[in-house]
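To start, the structure under review is shown below, and the notes come after it.
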Amino acid sequence: MGVLVFGVLLILALISAPVDGREPSGPHLRTPRETLDEHLTKGEITREEYVDRRRALDFKTAIV
């Protein structure tokens with residue numbers, strides 16, 4: 001009986017394990033760069049504002 005339970009648990013563990021090594025799907029947290037790109041795409045900021053803010057982001061990440 002114990003062997004049967006162990007076998008079933010082993011099969012369930014193998015089925016639920018990720019096959020290709022990808023991380024489990026979940027909510028994607030956007031990066032500041034993605035947010036900035038979205039604002040440009042929606043026309044909420046001008047190209048000049050985008051370039052300035054992008055430089056600021058790049059400078060900030062270079063310091064860290």
Separation between [atom1] of [X] and [atom2] of [Y], rounded to the nearest 0.5 Å:
X   : Y   : atom1 : atom2 : value
R30 : D37 : CZ    : CG    : 10.0 Å
T46 : E49 : OG1   : CD    : 3.5 Å
R54 : I45 : CZ    : CD1   : 11.5 Å

Problem set entry | Short N-O contact, D58 and R55, less than 4.0 angstrom |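 R55 and D58: not salt-bridged.
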For this session: Please tell me if the side chains of T31 and E34 come closer than 4.5 Å, counting only heavy atoms from C-beta onward.
Result: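 Yes, at least one pair of side-chain atoms sits under 4.5 Å.
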